[in-house]
Protein chains: 2
Amino acid sequence: MKDVAARAGVGLKTVSRVVNGEPGVTPDTERRVQEAIDALGFRRNDSARVLRKGRTSSIGLVLEDLADPFYGPLSRAVEEVSRAHGSLLINGSSAEDPDREQELALALCARRVDGLVIIPAGDDHRYLEPEIRAGVATVFVDRPAGRIDADVVLSDSFGGARDGVAHLIAHGHRRIGFIGDMPRIHTAAERLRGYRAAMEDAGIPVEETWMSLGVTDPERVRRAAEEMLSGPAPVTAVFAGNNRVTVTVVRVIAEHARRVALVGFDDFELADLLQPGITVISQDPAGMGRTAAERLFQQLDGSLVVPERIELPTRLIARGSGELPPAD
Amino acid sequence: MKDVAARAGVGLKTVSRVVNGEPGVTPDTERRVQEAIDALGFRRNDSARVLRKGRTSSIGLVLEDLADPFYGPLSRAVEEVSRAHGSLLINGSSAEDPDREQELALALCARRVDGLVIIPAGDDHRYLEPEIRAGVATVFVDRPAGRIDADVVLSDSFGGARDGVAHLIAHGHRRIGFIGDMPRIHTAAERLRGYRAAMEDAGIPVEETWMSLGVTDPERVRRAAEEMLSGPAPVTAVFAGNNRVTVTVVRVIAEHARRVALVGFDDFELADLLQPGITVISQDPAGMGRTAAERLFQQLDGSLVVPERIELPTRLIARGSGELPPAD
DNA sequence: CTGAAAGCGCTTACAG
DNA sequence: CTGAAAGCGCTTACAG
């Protein structure tokens with residue numbers, strides 16, 4: 001910038017004005033500065049700008065896995081809102097590891113992102129308190145924050161699971177299995193609670209062997225499903241706690257001779273093309289991302305004061321697999 | 001930092017040493033500094049650090065659509081390599097718009113990312129020349145750079161498409177349709193070339209009505225597929241140019257009475273569970289992302305000199321839909 | 001309409 | 001082992 005000023009024969013401030021399109025420069029001066037910029041291949045260094053201005057015009061997104069299709073529409077929605085506000089998106093995956101979540105979130109804060117959208121892996125977010133106090137806007141999505149008071153945007157996991165299980169009960173099932181994620185994950189716990197509520201509402205006592213919680217990798221889910229589907233009194237229907245579980249259960253059922261009903265939490269592409277189509281409880285990941293990002297920028301505007309908990313409704317989409325009658 | 005130094009009764013440099021874990025500080029001094037840091041809630045400002053050091057330890061990823069499942073594993077692979085090198089990932093979508101690609105890439109450069117991984121939307125990247133000259137490492141993925149010499153990591157689109165079409169020919173088809181993306185997209189053009197090559201190798205003259213190129217939104221693809229499948233001499237097989245096309249074609253075929261063979265470029269989840277399973281030409285998106293990111297960091301090391309073009313092989317996975325005989 | 005001075009919060013190079 | 005000075009590349013506040 002100094003070189004540009006020297007070459008154009010003007011002061012530093014004038015170059016700054018031209019670069020930022022500020023008014024108050026004669027067309028002639030502007031032309032001279034522009035020529036110097038082009039000749040020298042000058043590119044403004046935003047780091048210096050940030051240092052002076054305070055705002056970085058960037059926000060951070062911490063999610064669980066960049067490659068999980070559930071987070072695709074969510075990330076895109078956050079990106080779109082961010083773009084509309086002139087901000088860039090920095091993101092990374094926690095891989096469901098609380099330490100890695102913290103490391104990432106703090107690294108983003110050290111870069112002075114203006115705000116943070118977090119899909120939390122851990123359940124203690126007090127490490128963010130100094131950052132929030134220092135003015136970093138923060139919104140949690142999909143799961144609530146732990147031990148701090150913060151904005152959070154959730155799906156109605158409890159209600160969705162209850163509706164899905166009630167749907168199976170309405171179609172005649174009584175022995176219904178539940179396969180979900182690790183119980184320390186809020187959504188997994190809520191969906192299990194929904195399952196229990198629906199069973200209790202129908203007066204069906206739940207057997208321990210009908211419930212399986214744990215990591216949702218294919219091997220474990222497959223084992224869990226096969227156990228529930230064997231023995232003297234196998235389940236006649238399964239409620240799958242998320243999209244990854246559903247896909248694995250579909251595979252297991254396809255290999256089975258007996259018909260098994262299935263309702264899965266989360267919609268997924270091609271669910272309607274399988275035979276039968278898969279009945280799901282669908283969430284609105286794009287809506288969650290949009291809502292979260294909008295709240296983030298409202299916090300940044302200063303128009304938001306009290307942290308809120310926003311819960312988006314779920315919707316049951318019947319496609320066949322959830323309407324199968326019990327095999328026996 | 002000044003406040004911390006004052007409170008601990010030490011110089012600025014000593015605080016800097018403690019914050020960065022540099023050697024040469026007595027345990028006692030270190031403790032005093034640490035106490036001052038905690039008491040004041042000090043958080044280092046990386047913007048200032050960047051300004052001095054030159055490197056930002058962040059890289060940019062410009063892709064087409066954050067929500068496209070094809071880019072999920074690619075993004076994750078880039079993130080993993082980036083993380084292994086201590087860098088953060090900033091990313092955004094071009095939405096297949098060359099102007100938006102340029103805007104994003106230049107915004108990332110203004111933030112002084114150390115390097116850029118780009119899935120290009122445009123075909124003229126001369127706008128990056130000053131940045132590359134200034135030391136920004138650059139690798140293109142999935143499609144080559146336009147009008148500049150740069151590292152690029154591709155799949156063998158030509159060979160993959162040729163193999164897929166040859167597979168259909170080997171199963172008795174002669175009237176084979178091709179539905180692909182806009183011809184200005186390199187991969188789309190290459191796949192069409194592969195289609196033509198396979199047909200020519202088999203001595204089958206191609207009719208204009210068998211080929212349809214354009215945006216791959218469901219409406220257009222559906223219309224194209226329906227046209228090819230109707231009339232007096234409909235195609236008996238379709239080669240789909242990418243995952244989005246394949247999914248739509250699967251839907252159209254499912255509504256048709258006549259059997260239609262199908263091979264799609266790109267593998268996708270559940271392709272094996274459809275009936276019949278979908279035969280695909282599979283790429284290795286994670287491998288592409290990893291290779292690209294590794295080359296980026298090699299450029300940053302200075303261990304790379306000449307831009308290279310790396311082509312990863314594709315693989316045909318037969319699952320049923322590509323082995324159906326012609327309906328007539 | 002234009003510019004000189006001070007400062008954002010760090011690190012580098014140097015001296016003690 | 002420790003620190004004072006200079007500087008990274010901008011913007012802010014002010015004066016002319």
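To find a chain, count down the sequence lines: A is the first, B the second, and so on, and within it residues start at 1.
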- Query: When we call it a touch if two heavy atoms are under 4.0 Å apart, what does B/D46 touch: a base, just sugar-phosphate, or nothing?
  - Reply: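 No contact.
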- Do NZ/NE/NH1/NH2 and the carboxylate oxygens of B/R32 and B/D28 come within less than 4.0 Å?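 A salt bridge is present here (some side-chain N lies under 4.0 Å from a carboxylate O).
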- Task: Could you tell me whether A/R244 and A/D68 make a salt bridge, using a distance below 4.0 angstrom between a side-chain N and a carboxylate O?
- Result: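 Yes.
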Identify each donor-acceptor pair in which a side-chain atom of residues 132-140 of chain B lies under 3.5 Å from a protein atom, sequence neighbours left out, and give them as a table.
residue	atom	partner	partner atom	Å
B/T138	OG1	B/V136	O	3.2

- Message: Whole angstroms only, please: what is the CG-P distance between B/N45 and C/dT11?
- Response: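 Between P of C/dT11 and CG of B/N45: 10 Å.
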- Pairs meeting criterion ring-ring contact (aromatic ring centres under 6.0 Å, His included) with involvement of residues 64-118 of chain B, two or more places apart: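 Found B/H85-B/F297.
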- Message: Using a 4.0 Å cut-off on heavy atoms, which residues in residues 23-34 of chain B reach DNA chain D? List them by number, or say none.
- Response: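 When residues 23-34 of chain B is checked for heavy atoms under 4.0 Å from DNA chain D, the hits, listed by number, are B/G24, B/V25, B/T26, B/T29.
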- Message: Can you list, in residue-number order, the parts of residues 1-10 of chain A that come under 4.0 Å of DNA chain D, counting heavy atoms only?
- Response: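 Within residues 1-10 of chain A, the residues near DNA chain D are A/M1.
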- How would you list all residue pairs meeting salt bridge (Lys or Arg N to Asp or Glu O under 4.0 Å) that involve residues 114-123 of chain A, not counting sequence neighbours?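 Listed by first then second residue: nothing to list.
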- Query: Could you give all pairs that pass the salt bridge (Lys or Arg N to Asp or Glu O under 4.0 Å) test and reach residues 82-98 of chain B, with sequence neighbours left out?
  - Reply: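 For residues 82-98 of chain B: A/E103-B/R83, B/E96-B/R143.
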- Message: Could you work out, with salt bridge (Lys or Arg N to Asp or Glu O under 4.0 Å) as the rule, every residue matching B/D151, not counting sequence neighbours?
- Response: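 Salt bridge (Lys or Arg N to Asp or Glu O under 4.0 Å) check on B/D151 returns B/R295.
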Under 3.5 Å, sequence neighbours excluded: what are the donor-acceptor pairs made by side chains of residues 285-294 of chain B?
residue	atom	partner	partner atom	Å
B/T291	OG1	B/G287	O	2.6

Kindly give the atom pairs (protein nitrogen or oxygen, nucleotide nitrogen or oxygen) under 3.5 Å for nucleotides 12-16 of chain C.
none

- Got a sec, which residues hit side chain to side chain contact (heavy atoms under 4.5 Å, CB included) with A/A107, two or more places apart in sequence or on another chain?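 A/A107 satisfies side chain to side chain contact (heavy atoms under 4.5 Å, CB included) with B/L88 only.
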- Task: Tell me, please, which residues at least two apart from A/E22 pass side chain to side chain contact (heavy atoms under 4.5 Å, CB included).
- Result: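 Expected list: A/K13, A/R17, A/N20.
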- Query: Is a side-chain donor or acceptor of A/S82 paired with a backbone partner of A/S87 at a separation under 3.5 angstrom?
  - Reply: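 Yes, A/S82 side chain to A/S87 backbone: donor-acceptor pair under 3.5 Å.
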- Query: Using Watson-Crick pairs (N1 to N3, plus N6-O4 or O6-N4) and G-U wobble pairs, both distances under 3.5 Å, which stems of at least 3 pairs involve DNA chain C?
  - Reply: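 If one scans DNA chain C for consecutive Watson-Crick or G-U pairs, the stems found are C:1-3 with D:14-16, C:5-12 with D:5-12, C:14-16 with D:1-3.
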